[in-house]
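Contents: one structure, followed by commentary.
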Amino acid sequence: MLTFSQRQPPHTDALVTITLSLNAEERTRSRHKFILADGKEVFLRLSRGTVLNDGDILTNETQSIYMRIIAKPEPVLTAYAEIPLLLRAAYHLGNRHVPVEITSTYLRLSPDAVLAAMLTQLGLEIKEEIVPFKPELGAYGNHSHV
């Protein structure tokens, strides 16, 4: 089993030999075993609280193998509206401590019928999609990329 314990700067692209696709929840696991498409096992042993981002590069303990993290497409709800309404919806979702991806044109969250109904009632247009989900880390999230 390969153990990956260090995050590298993104400019190490040429050295990447492995990719690991993880959904948003899996990218929050700093210590976990995953199985690659070819059946190989990899173990993440990162600093506690590490949140991986799409495109992050990890190395094994000897820095001889490089692995890129890819945000895996997953079911999400994407809510569209003009900015004032998006801000109002983001406030309500934040009050519920819901992981949300925030942009200037949409909010994206994990599927939830109750939240979808709330957002629709607020006037947002909801679309079910299967795309990579990149929620905000929050005020206490690990923001470092190196």
Side-chain angles (χ1 to χ4, degrees), residues 2-59 65-146:
L2 297 170
T3 300
F4 291 84
S5 59
Q6 300 172 36
R7 193 182 325 209
Q8 295 296 310
H11 67 277
T12 53
D13 290 354
L15 305 172
V16 172
T17 57
I18 299 173
T19 59
L20 179 61
S21 294
L22 303 175
N23 66 32
E25 192 274 325
E26 291 169 333
R27 292 192 312 273
T28 66
R29 297 179 182 173
S30 54
R31 298 182 188 277
H32 195 78
K33 180 174 74 171
F34 294 98
I35 299 179
L36 301 173
D38 63 4
K40 289 182 187 171
E41 293 181 346
V42 297
F43 183 72
L44 299 185
R45 191 174 67 210
L46 304 166
S47 300
R48 297 231 184 258
T50 298
V51 176
L52 296 171
N53 299 299
D54 183 47
D56 278 353
I57 296 174
L58 306 177
T59 61
I65 302 173
Y66 289 74
M67 176 173 68
R68 179 185 315 286
I69 301 300
I70 304 294
K72 180 193 296 184
E74 58 187 293
V76 295
L77 297 177
T78 303
Y80 297 94
E82 296 296 321
I83 289 194
L85 193 49
L86 282 178
L87 291 172
R88 187 169 178 227
Y91 169 81
H92 286 288
L93 291 170
N95 269 349
R96 290 160 177 80
H97 302 279
V98 175
V100 178
E101 180 178 337
I102 302 171
T103 74
S104 62
T105 58
Y106 67 82
L107 301 175
R108 185 168 283 151
L109 60 148
S110 294
D112 182 299
V114 172
L115 294 176
M118 177 194 76
L119 293 171
T120 301
Q121 186 174 10
L122 286 172
L124 284 81
E125 176 188 337
I126 307 297
K127 182 177 179 185
E128 293 181 19
E129 300 180 298
I130 298 178
V131 296
F133 179 38
K134 303 170 191 171
E136 292 291 317
L137 296 177
Y140 304 105
N142 178 349
H143 293 280
S144 71
H145 290 274
V146 180

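Computed from a predicted structure; not experimentally measured.
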Show the nearest heavy-atom pair for residues [X] and [Y], with the distance to one decimal.
X	Y	answer
Y80	T105	CD2-O, 3.6 Å
I130	P75	CG1-CA, 4.2 Å
I126	A79	CD1-CB, 3.6 Å
A90	L107	N-CD1, 3.6 Å
I102	E136	CD1-CG, 3.9 Å
N53	R7	ND2-NH1, 3.8 Å

Nearest-0.5 Å distance, [atom1] of residue [X] to [atom2] of residue [Y]:
X	Y	atom1	atom2	answer
S21	R68	OG	CZ	11.0 Å
I83	L85	CD1	CG	11.0 Å
L20	L2	CG	CG	11.5 Å
R29	R27	CZ	CZ	12.0 Å

Hey, does [Y] have a side-chain heavy atom less than 4.5 Å from the side chain of [X]?
X	Y	result
L22	K72	no
I65	F4	yes
L52	L44	yes
L119	L109	yes

side-chain contact (heavy atoms from CB on, under 4.5 Å) between L77 and L115, intermediate numbers included: CA-CA 9 Å; L77 297 177; L115 294 176; 5.6 Å; no
Identified side chain to side chain contact (heavy atoms under 4.5 Å, CB included) counterpart of Q8 within the set L58, T59, D56: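 The single option meeting the side chain to side chain contact (heavy atoms under 4.5 Å, CB included) with Q8 is T59.
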Backbone N/O of [Y] and side chain of [X]: donor-acceptor pair under 3.5 Å:
X	Y	result
E74	A24	yes
R96	H92	yes
E101	K134	yes
S47	T50	no
N23	E26	yes

Enclosure of E129 CD (heavy-atom neighbours >12, cutoff 6.0 Å):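 Yes, CD of E129 has more than 12 neighbouring heavy atoms, counting only those of other groups under 6.0 Å.
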Candidate list E128, K127, E125, R108, test side-chain hydrogen bond (donor to acceptor under 3.5 Å, both in side chains), partner T78, passing option: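 Only match with T78 under side-chain hydrogen bond (donor to acceptor under 3.5 Å, both in side chains): R108.
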Working for side-chain contact (heavy atoms from CB on, under 4.5 Å), residues L124 and L86: CA-CA 8 Å; L124 284 81; L86 282 178; 4.0 Å; yes
Chi angles and distances behind the side-chain contact (heavy atoms from CB on, under 4.5 Å) call for L15, I57: CA-CA 10 Å; L15 305 172; I57 296 174; over 6 Å; no
